[in-house]
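Since the model is a prediction, treat every value here as computed from it, not as a measurement. Atoms considered below: every heavy atom in the structure, side chains included; atoms not considered: hydrogens, waters and symmetry mates.
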Amino acid sequence: MRVVRALAVSLLALECAPLPAATQEAGTAALSRLERRIAAIPIADSTGRPYALPFLGGLERPRPQLVDIDADGDLDLFIQEFTNRLTFFERTDSAGTPRWTWRTDTWEGLAIGDWSRFIDLDGDGDQDVLAESIYSFIRWYRNDGTAQKARFTLAADTLYDVGGEPIFADRQNIPQLADLDCNGRIDLMLGRVDGTITRFELRDFERNVPRFGFLTDRFEGIQILGGDATPGGPPPMAIPGAGTVTPSLHGANTMALVDLDRDADLDILWGDFFEPGLLWIRNDGGCTTPSMRERPIPFPTADPIRTSGYNAPTPGDLDGDGDLDFLVGVLGGAYNPTRTSRDNLFHLEQVSPRTYEVRTTRYLDGLDLGSESSPVLFDLDADGDLDMLVGNKIEPEGELAGLYLLENVGSAKAPAYRLRTRLPVAPGYHYAPALGDLDGDGDADLVLGTWRDALLYYRNDGSRGEPRFVLADSMLVQLTRGSHASPTLGDLDGDGDLDLLVGEASGTINQFRNDGNRSAPRFTLVTDTWEGLQEGRRTAPRLVDLDADKDLDLVIGTEAGPPLVFRSTGSRTGAAFTRERASAVWPALSVPAFGDLDADGDLDVIVGNAAGGWMHFEGVGP
């Protein structure tokens, strides 16, 4: 069992497990020896049900695609959550039950901007990729491998029309491709911000680069209207689940081209920033003569989905019954994005011809608190293993943030977590916890950052086995120039009490020296511009002994994602830091929590992030 002794020890003894001297690593080596794990450590919800993908990291605006990328006869799943990164899940069913196995967050290392589309553009029987290029151009990655094993070459950084002009896809609008008129030529359909559709058709290849012919910038006279008020615009209309809205002529959009009514021609399924559901634009013509002049209708027709808007559909037979189902990613539009910060990947199953039911709104089963998770590790119940405390930005079903306790019900060598309770703390937003024994009674007290400029202090009046947090000070310290306080505790001057570093919205770090004593903290501002740091926004510092040399280094999570690393080059009584290069790839608004989770002698990391879940990176040693 870990025992909290003198406060002069490393923060690692307070927020994570210590490392033996035999496994010392210098500088950022500990961060470079981390490997992503999705389900190595089990997590169960409050009822005991285990999550299939507990450390998926959460989803905030998933853009799904279903495609058989390995030609094994089933559909694999690709999710884009971050710019230039495509997450790949291989379909690996077990006993007839659909199962998705995470393979990578950076599939094939493709730079895909904010969207991508799979299509066999050159007709060679394997899947190529079109993706967003800078300045709204369209990039083509040609698959020079096989249908079973893809291997991509950047064949064109920009697609051109037959006149040699570059083709633009309005930023934030996700195009689609298919042979719309059954003439053997792929059509490129570009939704525009005014709700219209531009249509190009593939004509030929010139020096191995595709050339598209422009057909129209007002395909079938379609103009999708929805959302904010526009002076002099169309009259208001009632939308179930969204109230009365006045249509406008703009909105980010995406679409699927799919035969929804089984009449052997392609319809359009449209998602729009100002549309709380999906719109079905029916093809009442035929395969060779598409006609889409009828008014769009909500989809599914019997029970339309209603989300925060900007819905991205992808079709595929998910259950093997021979008909089309859908996954719908919710990117978040004009209708309260908070409510779909967690419920944002819908599974629509076709239960009878043209009748769909929502099977789940969280298709990938990972633990997700909504948005902006902030974890900390500590042995809260004194049983010798690391528990977890996690704050979030705001509850998906509520109006305030939540602070959750996950108890380690496993052991120091074989951790397993169970979501226990939501802690009763003062109402607020953007909870960012730090733990440490501030009153010298041997248990963990809580310092809580929020969206405000003040830190709250909760004294632990319970026992080391059963913590009970009581508000002792609603303004332990106040930031002088920022908000969104994110604290970390550690003894920086070797005087036996815990000092305080606080990150905040502007990106600077605030340093507070503890001029009190081991039983009564009193913090004095040393500087609100620690080390002159002015890089990015929303810093989340963590004091941790990275190299096991008995002093505290500093790792800072950032809004951009990649951490900043400062190695201690001073002493236990005189802190000094040297910045080092970090190669870790972390998601946006990263918040790290360090600890030896499996008692193997090296550091592991739990990383909270913008999407509301958290990622597990396991230390794999030298």
State the [atom1]-[atom2] distance between [X] and [Y], to the nearest 0.5 angstrom.
X    : Y    : atom1 : atom2 : value
T361 : N344 : OG1   : CG    : 8.0 Å
L345 : L59  : CG    : CG    : 6.5 Å
T569 : D553 : OG1   : CG    : 9.5 Å
S568 : D547 : OG    : CG    : 7.5 Å
W586 : R36  : CH2   : CZ    : 13.0 Å
L492 : F512 : CG    : CZ    : 13.0 Å

Worksheet item: Would you call the rings of F78 and W107 parallel, tilted or perpendicular if under 30° counts as parallel and over 60° as perpendicular?
Response: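 Aromatic pair F78/W107 classed perpendicular.
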Practice prompt. Indicate the ring-plane relationship of Y363 and W100, choosing parallel, tilted or perpendicular according to the 30° and 60° boundaries.
Written response: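 The arrangement is perpendicular - the two ring planes meet at more than 60°.
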Quick one: does [X]'s side chain get under 4.5 Å of [Y]'s, heavy atoms only?
X    : Y    : result
S116 : L86  : yes
F523 : L498 : no
P521 : D497 : no
Y429 : L400 : yes
P54  : I41  : no
L500 : L455 : yes
I43  : L419 : no
V620 : L34  : no

Qualifying residues under salt bridge (charged side-chain N to carboxylate O under 4.0 Å, His left out), relative to [X], sequence neighbours excluded:
X    : value
D74  : none
R91  : D93
D325 : none
R452 : none

Worksheet entry | Heavy-atom neighbours of R103 CZ exceed 12 at 6.0 Å |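 Yes, CZ of R103 has more than 12 neighbouring heavy atoms, counting only those of other groups under 6.0 Å.
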Worksheet item: Knowing that exactly one of T539, N510, V447 qualifies, which makes a side-chain contact (heavy atoms from CB on, under 4.5 Å) with V502?
Response: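 Among the candidates, only N510 passes.
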Worksheet item: Pick from I79, L318, L348, L364: which one makes a side-chain contact (heavy atoms from CB on, under 4.5 Å) with L327?
Response: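 In the set I79, L318, L348, L364, the residue that makes a side-chain contact (heavy atoms from CB on, under 4.5 Å) with L327 is L318.
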Worksheet item: With sequence neighbours left out, what residues match L564 under side chain to side chain contact (heavy atoms under 4.5 Å, CB included)?
Response: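 With sequence neighbours excluded, L564 shows a side chain to side chain contact (heavy atoms under 4.5 Å, CB included) to L533, E535, I556, T558, F566, R579, given in chain and number order.
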Is there a donor-acceptor contact under 3.5 Å from the side chain of [X] to the main chain of [Y]?
X    : Y    : value
N392 : A401 : no
N609 : A588 : no
D68  : G73  : yes
R342 : D368 : yes
D461 : V470 : no
D445 : N460 : yes
D365 : L53  : no
T104 : T106 : yes
D499 : N514 : yes
E60  : E81  : no

Fill in: Derivation of the side-chain contact (heavy atoms from CB on, under 4.5 Å) call for L406 and L367
CA-CA 11 Å; L406 285 87; L367 183 53; 3.8 Å; yes
Work out which heavy atom in [X] is nearest to a heavy atom in [Y]; give both atom names and the distance.
X    : Y    : result
S374 : R542 : OG-NH2, 3.9 Å
W451 : H430 : CB-CD2, 3.6 Å
P62  : V330 : CD-O, 3.7 Å
I606 : L597 : CD1-CD1, 3.7 Å
A39  : A52  : CB-O, 3.9 Å
D437 : G442 : OD2-N, 2.7 Å

Practice prompt. Run the numbers on L546 and R567 for side-chain contact (heavy atoms from CB on, under 4.5 Å), then give the verdict.
Written response: CA-CA 8 Å; L546 283 176; R567 187 167 59 91; over 6 Å; no
Any side-chain donor paired with an acceptor under 3.5 Å for [X] and [Y]?
X    : Y    : value
T87  : D105 : yes
S371 : S341 : no
D114 : T83  : yes

Worksheet item: Which pairs with one or both residues in residues 407-434 pass salt bridge (Lys or Arg N to Asp or Glu O under 4.0 Å), sequence neighbours excluded?
Response: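 Only E395-R422, E407-R420 qualify under salt bridge (Lys or Arg N to Asp or Glu O under 4.0 Å).
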Item to complete: List the steps and the verdict of side-chain hydrogen bond (donor to acceptor under 3.5 Å, both in side chains) for T340 and T307.
Response: CA-CA 7 Å; T340 48; T307 75; 5.4 Å; no
Fill in: side-chain contact (heavy atoms from CB on, under 4.5 Å) evaluation trace for D596 with L603
CA-CA 5 Å; D596 185 2; L603 279 174; 5.6 Å; no
Worksheet entry | Electrostatic pair R513:D493 at N-O distance under 4.0 angstrom |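 Result for this pair is no, no salt bridge flagged.
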Item to complete: Kindly determine whether V607 and W614 satisfy side-chain contact (heavy atoms from CB on, under 4.5 Å), including the steps that lead there.
Response: CA-CA 5 Å; V607 180; W614 42 95; over 6 Å; no
